[in-house]
Number of protein chains: 2
Amino acid sequence: MLAFITRTFVLKRRAPCYVCQSGITEQSILAKAKRILKWQRDPEGMRLRILEAAKQEFASYGLAGARVDRIAAAAGANKRMLYYHVGNKEDLYLEVLEGAYEKIRAEERTLDLEHLDPPDAIARLVDFTWNYFLRNPEFLALLNTENLAKAKHLKRSTKVKSMHSPFVEMIRTVVTRGVESGDFRAAVDPVQLYISIAALAFFYLSNSATLSVIFGRDLLKKDARDERLEHMIALVLAALTGKSTAVFVRAKMPALMSVEHQVV
Amino acid sequence: MLAFITRTFVLKRRAPCYVCQSGITEQSILAKAKRILKWQRDPEGMRLRILEAAKQEFASYGLAGARVDRIAAAAGANKRMLYYHVGNKEDLYLEVLEGAYEKIRAEERTLDLEHLDPPDAIARLVDFTWNYFLRNPEFLALLNTENLAKAKHLKRSTKVKSMHSPFVEMIRTVVTRGVESGDFRAAVDPVQLYISIAALAFFYLSNSATLSVIFGRDLLKKDARDERLEHMIALVLAALTGKSTAVFVRAKMPALMSVEHQVV
DNA sequence: AAGGAAATTAACCCGTTGGATAAATACTGT
DNA sequence: ACAGTATTTATCCAACGGGTTAATTTCCTT
C-alpha cells in the first residue's frame, strides 16, 4: 500500500524529482495520501508539520544549507504552503528558533528549584540541562546556526528577549540561599554560573562528532554519557561547596538519579 | 591610486560583478594589481592567499553558505585558481580545517606545562585556551561547521587523527603530578578535564551573540571578558584543589597575569 | 444551493553558483 | 632562442533553489 502510494506520487512528478532525494517520511506520505484521495483542509496541522519539518531541516543543514523543497516534502506539503502559512525561508527559520527557546524555558520552569537544598538544586539543574540537550539535539544545532549569523534574527525577535530573566532570578535565589545556609562558600554571578553549566553540557554534545574523532573514543555511548554527567555535577558542586564529590574522589560511581524521564 | 586600480578592475569585469559585492581587501587588490601591470607567477603565495580567504569565508558563512566566487575575489585570484591549486569546494574546506587544527595544536605544544606547578599549569592552560579562542574566532566557527556535518570531512582526514594524543598525555602528567604533590584532591580523566576547559571557553565565545541578546549584556566587552577568565580559572582550580579562589571568594579581583601576548 | 473566502496544488521564472573549457601568458631547462 | 610546462585569464553553462503566478478544490455562511 505504502509502496503504491509512493510510486504513484513519484511518477506524478516531473524530473528531476525533489521528493525522491530525501526528506520524505512514512508519516508525511500517509498524511499527504489521505488528503489526496479526497484531500481535506487542516491549516493548523499543516502549519505544525511545516514547523516541525523545518526544525529538523535547519538543524541538520543550517540556514544556508537547508532546502525549502525538502522541508515541504518532509511536511507532506507543497512548497507554496510554506509561503502561504509562514512566509519566506528566513521567517520560517526565526519562527522555528523562537519555538525552540520557548520550549526549553517552559520545561525549565517546571523544575522548581526553590524547594530543594541548594546543592541538590544545582545538581538537578545540571542534570536537567544535560538531558534536555541530549533529548533535543536540534536545539544545539539551531543555536549554533544562529550564532553563525551573529544572532541577526534573534535581535529582530520581540518574543524571545523577555523570557529569560525569570530563569536567571531562579538561579540567583538558589545561590543566595546556598550562601546563607553555608552550603556554598561564596556568591557567584548567576549568569556566569548558568553559562558554565550550559557550556559543560553543550560543548560536549554539540561537538561530540569532532571530539570523538580526535580523541578516538565514542563520546555518545551510554557509559561515556553517564561518566560525563557525573563529571559535570562533580565539577560544579566541588567548585561551589568546596567538598569533594564523585569523579574527583573515585574513578567510577553508580549512576545518579536522573530526571531524564521525569520531565516531559 | 587605490581608487584608480579598483575602478579599472571593476570596469574590466562583466556584470554582474562578483568583486563589487564583497570579500575584496586592499591587500588583495594591490596584490592583484601588481600582478596585472606585468603579472608574475606566485604559486605558493597564491595558494596561501586562497587558503586564508577560504578560512574567513567558511568561518563567516559555514560550508553551504560560503561562496567560491567571494573566496576567489578576496584572494585576489580568479575562481579557476581554486580548482587548479586546491580542488573543489569541499577539498578546500577540508584543507582549511586541517590547517586550523594544526595551528592550535602547534601553539599548545609551546606551552610546556611540564615545568610548572600543577595548579599553575592548569591555570595557564585555561588562560591559553581562552585567549586562543579569543584571538581565533574562525577556529570556533569552523569546528561548529564541521560538527554540523557530523565530522564527515574530518573522518576522511589522515593528517588530523594522529596529532592530538601528545596533548592529552601532557595534561595527564600534569594531573598525576598534581595528585602526587597533594595539590589536587584526586585524579581526573585528562580528556574529560580538557573537554571541560575547552567547553567553558568555547561555549561562551562561540555563543556570545545569542547569549548577549538573551541576557541583555555585552559579553564581549573588556570587563566581561576579564571576569569570565577569572571565573573559569576559579571554577576549574576550585574543583581540582578544593581551595577557594578568586571569583568564589570575592566579587572582583585584579586581572590575572595573561599569556595573551607571550604566545605568538 | 450558491457564492465567496480559505486552503492547496501544479507549473513556471530567473538569478545564482559550483564547476568546466580553452586560450593566453610567464617561466624553465636546454 | 625555442620548445614545453606551469600558471593564470576570460568566458560559458547546466543545475539548482528560492520565490511567484494562476488555477483548483474544499469549506463556511447565508
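Counting to the nearest Å, the C1' atom of D:dG17 and the NZ atom of A:Lys89 are 8 Å from each other. With rounding to whole Å, B:Arg67 atom CZ is found 11 Å from C:dG19 atom P. Look at NE2 on B:His85: it is 6 Å from P on D:dT7, rounded to the nearest Å. As a whole-Å value, the separation of A:Arg70 CZ from D:dC16 P is 12 Å. Atom CG of B:Asp69 and atom P of D:dT11 are 15 Å apart (whole Å). In this structure, B:Leu82 atom CG and D:dT8 atom C1' are separated by 12 Å, rounded to whole Å. Rounded to a whole Å, the CG atom of A:Asn78 is 7 Å from the C1' atom of C:dA10. A:Ile50 has its CD1 atom 10 Å from the P atom of C:dT9, to the nearest Å.
Nearest nucleotide to the side chain of B:Tyr84, out of C:dT8, D:dG18, D:dT7: D:dT7. Nearest to the side-chain atoms of B:Val68 among the listed nucleotides D:dG18, C:dG18, D:dA10 stands C:dG18. Taking every side-chain heavy atom of A:Tyr83 into account, D:dG19 is the closest of C:dG19, D:dG19, D:dG17.
Aromatic pair B:Phe202/A:Phe203: ring centres closer than 6.0 Å. Close placement of the B:Tyr194 and B:Phe167 rings is indicated, their centers lying within 6.0 Å of each other.
Counting non-hydrogen atoms of neighbouring residues, nucleotides and ligands closer than 6.0 angstrom, the NZ atom of A:Lys152 reaches no more than 12 such neighbours.
Remark on DNA chain D: of its neighbouring residues A:Arg80 and A:Leu63, the 5'-side contact belongs to A:Leu63, judged by nearest-heavy-atom nucleotide.
For a distance-only test at 3.5 Å, the side chain of B:Lys79 qualifies as a donor-acceptor partner of the base of C:dG18.
Defined by atom type and a distance below 3.5 Å, a donor-acceptor pair is missing between the side-chain atoms of A:Asn147 and B:Ser206.
No engagement by B:Ala72 is indicated, since no non-hydrogen atom pair under 4.0 Å with the nucleic acid exists.
Salt bridge annotation for A:Asp91-A:Arg156: present, with a cationic side-chain nitrogen under 4.0 angstrom from a carboxylate oxygen.
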